Novice: 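Sharing a structure, written as structure tokens. Questions coming.
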Amino acid sequence: ELPVEELARRLASRAVTAVQVLEAYRARAEFVHKACNCITQFIPQAEDWARACDEHLARTGTTLGPLHGIPCSLKDHFAVAGTISSMGSAVLRRKSEEAGGGKRDSAVFVGLRSLGAVPFAKTNMTQLGSTWGSGGPAFGDTLNPWDTRRTPGGSSCGEAALVAGCGSAFGVGSDVGGSVRIPSSFSGLATLKPTAQRTTFSLADGTTILDHPGDYSVVAAAGVMARRAADVSFVSAAIWGGVLWDLDLRMPRVPMRMEEIQGQARLRVGVSSHLCWPAPCPTSLRVLTKAANSLRDQGYEVVDFDAAEALNMREYRGVLWALKGVSGLDGDFGVDVSGDEVHPDLAGMSRRVDSLEADPIQPARTAAQYCALMAKRDKLRDRFCKAMRAADLQLLLCPAWAFPAPLVEDVRVLGAAVQTTQVFNALDLPAGVVSIGRVAPGELVYEPGSGDPDLDAAAKRAVSEGLPVAVQIVGLPWRDELVLRAMNDVASLGEIAGHSQLRPIPRRSAALGSAPVEVAKL
């Protein structure tokens with residue numbers, strides 16, 4: 001459970017070898033996978049890469065880069081030539097297997113290799129990355145190592161389970177609605193969803209990859225997931241620049257500004273729970289107050305901020321739903337997945353909640369209508385940033401999520417809770433998560449107040465003693481370093497620890513989205 005930077009130092013000093021470290025992580029990964037079903041494929045060349053790290057260091061006395069010999073993992077859709085990419089779809093998995101795996105590499109994979117890292121596993125994701133639940137028909141449901149009856153969150157579900165279980169030093173997921181922040185908050189991790197395009201999402205040959213082909217309304221961002229905020233900062237500093245700029249010519253040449261992370265300038269932080277939906281549970285409110293007090297003690301100016309006044313949520317939902325064409329499951333994902341079994345979580349994402357009102361805006365059917373919608377989106381972004389600047393705020397401190405990890409079978413009725421994280425994708429603001437608390441015995445009574453009896457009941461069942469809970473820190477566009485600075489300062493309170501001591505009970509969902517059953521009882 002060493003911090004990534006300390007592990008890098010030990011590898012560089014030859015206190016341990018890359019092969020030894022890989023063997024240790026591989027053994028732990030197999031243990032976590034047996035319990036949680038998080039890995040889609042081990043990358044067969046990883047041992048050769050680790051051996052090459054050791055040979056290079058012995059021959060030259062220098063490392064291959066700042067991530068020399070560090071074992072890491074990648075979410076399923078990050079292409080690695082010769083491996084399967086399924087997007088959580090059984091149809092795409094079959095096609096990928098029949099083709100002998102992919103033929104191209106993602107820029108993130110090539111960049112990690114150039115920095116000396118050893119990607120050794122690919123991990124499960126939700127169906128088409130379009131839910132925040134547990135998995136998809138390609139590889140089944142992934143379970144939470146803190147409690148395998150519960151979801152680890154998604155869509156980067158496999159990364160969350162593997163990293164939280166100490167099966168990988170760090171992982172890379174992606175986020176277009178909360179897909180690194182939700183699983184990090186459910187699984188006791190730290191992460192950063194950077195400003196879109198700060199970390200490339202494309203292929204190494206320069207091919208542009210978007211959530212939906214041609215759709216720039218809300219652009220997905222790649223993000224590092226780790227057990228510590230310091231690990232997120234260290235790995236992000238390594239990958240923001242260098243070879244990635246040459247691989248993805250559209251990636252802005254903005255290196256990590258360490259002076260902002262290590263700076264002493266007083267920052268003003270607005271505390272708000274107004275965009276969290278449903279109402280935050282007692283633990284979410286406690287850790288929010290705890291983080292605010294800690295930042296104040298460290299010299300931050302901390303004030304209340306009514307985010308609901310800065311963003312009309314009815315208007316926001318109308319614009320977002322129109323842009324994403326929310327009308328069921330008939331979206332164009334740019335791939336043919338006809339014949340795929342629909343995961344209940346995916347079906348549930350279109351479940352309407354009467355209390356969540358939205359302006360009646362129709363999805364775009366023409367180029368002119370799409371441009372008009374994008375203009376509405378930009379006005380929402382401008383208005384929110386102007387409100388932050390008018391209040392002289394550099395950062396926001398918010399709940400990461402309303403409640404801790406729900407039961408696998410309950411996710412299907414909780415889909416609308418995604419607005420807590422998705423709003424910052426739509427606004428294209430960098431947002432990080434730090435896990436600093438666990439549900440205490442006196443915090444089990446919870447009234448979500450959604451107005452939806454089924455949703456409220458499922459949210460109440462999510463609140464269980466000992467589960468991790470996180471806070472979310474949000475910055476202005478391209479001020480990612482200030483978010484990382486605040487994450488590190490909040491982490492000084494004491495991040496959730498003990499990941500290496502987790503001994504998850506092996507379970508599996510017999511049917512997609514069903515209550516997991518102990519493997520011994522199947």
Side-chain angles (χ1 to χ4, degrees), residues 1-32 39 41-75 78-83 105-123 159 162-163 165-172 190 199-200 204 222 224-247 255-256 258 261-262 499-500:
E1 205 168 347
L2 285 175
V4 173
E5 189 171 7
E6 174 61 23
L7 180 56
R9 279 195 292 265
R10 295 195 186 190
L11 281 159
S13 69
R14 305 191 205 180
V16 291
T17 68
V19 169
Q20 288 172 333
V21 174
L22 176 62
E23 288 175 347
Y25 270 108
R26 171 70 186 251
R28 179 68 180 181
E30 289 175 350
F31 169 78
V32 176
I39 294 171
Q41 186 175 1
F42 286 106
I43 300 174
Q45 304 97 314
E47 188 173 344
D48 292 337
W49 297 333
R51 190 176 299 108
C53 287
D54 292 333
E55 292 172 352
H56 177 86
L57 183 58
R59 185 175 67 255
T60 68
T62 61
T63 64
L64 289 169
L67 302 180
H68 177 94
I70 305 290
C72 61
S73 46
L74 293 169
K75 185 176 180 178
F78 285 106
V80 177
T83 68
D105 293 320
S106 62
V108 163
F109 165 74
V110 174
L112 288 170
R113 288 287 301 120
S114 75
L115 296 165
V118 180
F120 76 102
K122 295 187 69 176
T123 58
E159 284 304 316
L162 185 62
V163 175
C166 279
S168 179
F170 70 88
V172 181
T199 306
T200 180
V224 176
M225 302 168 68
R227 290 177 290 279
R228 297 172 184 80
D231 293 343
V232 176
S233 295
F234 180 74
V235 177
S236 296
I239 65 175
W240 284 352
V243 69
L244 291 183
W245 292 340
D246 297 325
L247 295 171
M256 177 74 87
M258 294 304 298
I261 294 181
Q262 300 166 354
H499 298 84
S500 63

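For clarity, every value in this text was computed on a predicted model and none was experimentally measured. The first residue in the sequence is number 1, and the count goes up from there.
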Novice: Which residues pass the side chain to side chain donor-acceptor pair (under 3.5 Å) test with E47, not counting sequence neighbours?
Specialist: R51
Novice: Quick check: closest heavy atoms across T123 and S73, and the distance to 0.1 Å?
Specialist: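 It is CG2-CB, 4.2 Å.
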Novice: Under the rule for ring-ring contact (aromatic ring centres under 6.0 Å, His included), what residues qualify as partners of W49, not counting sequence neighbours?
Specialist: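 With sequence neighbours excluded, W49 shows a ring-ring contact (aromatic ring centres under 6.0 Å, His included) to F109, given in chain and number order.
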Novice: S106: what forms a side chain to side chain donor-acceptor pair (under 3.5 Å) with it, not counting sequence neighbours?
Specialist: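 With neighbours one apart ignored, the set is empty.
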Novice: For residues V32 and C166, determine if any side-chain heavy atom of one lies less than 4.5 Å from a side-chain heavy atom of the other.
Specialist: no
Novice: Just to verify, what does T199 make a side chain to side chain donor-acceptor pair (under 3.5 Å) with, not counting sequence neighbours?
Specialist: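 Side chain to side chain donor-acceptor pair (under 3.5 Å) list for T199, sorted by chain: W240.
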Novice: To check you understand the geometry: which heavy-atom pair defines the closest contact between F170 and A226, and what is its length?
Specialist: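 Smallest interatomic distance, heavy atoms only, reads CB-CB, 4.2 Å.
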Novice: Can you name the side-chain contact (heavy atoms from CB on, under 4.5 Å) partners of V110, sequence neighbours left out?
Specialist: D105, A204, L247
Novice: Nearest heavy-atom pair of S500 and E1: which atoms, and what distance?
Specialist: OG-OE1, 2.8 Å
Novice: Can you name the residues that form a side-chain contact (heavy atoms from CB on, under 4.5 Å) with T62, not counting sequence neighbours?
Specialist: H56, T60
Novice: How close do K122 and A79 get, counting heavy atoms only, and between which atoms?
Specialist: NZ-CA, 4.3 Å
Novice: Going by the salt bridge (Lys or Arg N to Asp or Glu O under 4.0 Å) test, which pairs reach into residues 229-246, not counting sequence neighbours?
Specialist: R228-D231
Novice: Which heavy-atom pair separates F78 from A222 by the least distance, and what is that distance?
Specialist: CZ-CB, 3.9 Å
Novice: Taking side-chain contact (heavy atoms from CB on, under 4.5 Å) as the definition, give me every residue that meets it alongside L115, ordered by chain and number, with sequence neighbours left out.
Specialist: P66, L67, A238, I239
Novice: How many angstroms lie between CE in M258 and OG in S233, if you round to the nearest 0.5 Å?
Specialist: 7.0 Å
Novice: Roughly how far, to the nearest 0.5 Å, is CD1 of I70 from CD of E5?
Specialist: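 So the gap between those two atoms works out to 10.0 Å.
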Novice: Can you name the residues that form a side-chain contact (heavy atoms from CB on, under 4.5 Å) with F42, not counting sequence neighbours?
Specialist: R26, A29, E30, I39, F120, A121
Novice: Is there any salt bridge (Lys or Arg N to Asp or Glu O under 4.0 Å) pair reaching into residues 52-68, and which pairs are they, with sequence neighbours excluded?
Specialist: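 Sorted result for residues 52-68: empty, none.
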Novice: State whether a side-chain donor-acceptor pair under 3.5 Å links T83 with Q41.
Specialist: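 Distance-only check fails for T83 and Q41.
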Novice: Between the main-chain N or O of A12 and the side-chain N or O of T63, is there a donor-acceptor pair closer than 3.5 Å?
Specialist: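 Checking the backbone N and O of A12 against the side chain of T63, no donor-acceptor pair under 3.5 Å is found.
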Novice: In Å, rounded to the nearest 0.5 Å, how long is the span from CG of L11 to CG of L57?
Specialist: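 Atom-to-atom, L11:CG and L57:CG are 8.5 Å apart.
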Novice: Do any N or O atoms from the side chain of K75 and from the backbone of G171 form a donor-acceptor pair under 3.5 angstrom?
Specialist: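 Not a single qualifying donor-acceptor pair exists.
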Novice: Mind checking what makes ring-ring contact (aromatic ring centres under 6.0 Å, His included) contact with H499, not counting sequence neighbours?
Specialist: W146
Novice: Locate the shortest heavy-atom distance separating G69 from C53; write the atom from each residue and the value.
Specialist: N-SG, 3.7 Å
Novice: With a 4.5 Å heavy-atom cut-off, do P71 and V21 have their side chains touching?
Specialist: yes
Novice: Hey, does the side chain of E159 reach the backbone of M225 with a donor-acceptor pair shorter than 3.5 angstrom?
Specialist: no
Novice: Just to verify, what does E23 make a side chain to side chain donor-acceptor pair (under 3.5 Å) with, not counting sequence neighbours?
Specialist: none
Novice: For V118, does its backbone N or O pair with a side-chain atom of R113 as donor and acceptor, under 3.5 Å?
Specialist: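 Judged by distance alone, no pair lies under 3.5 Å.
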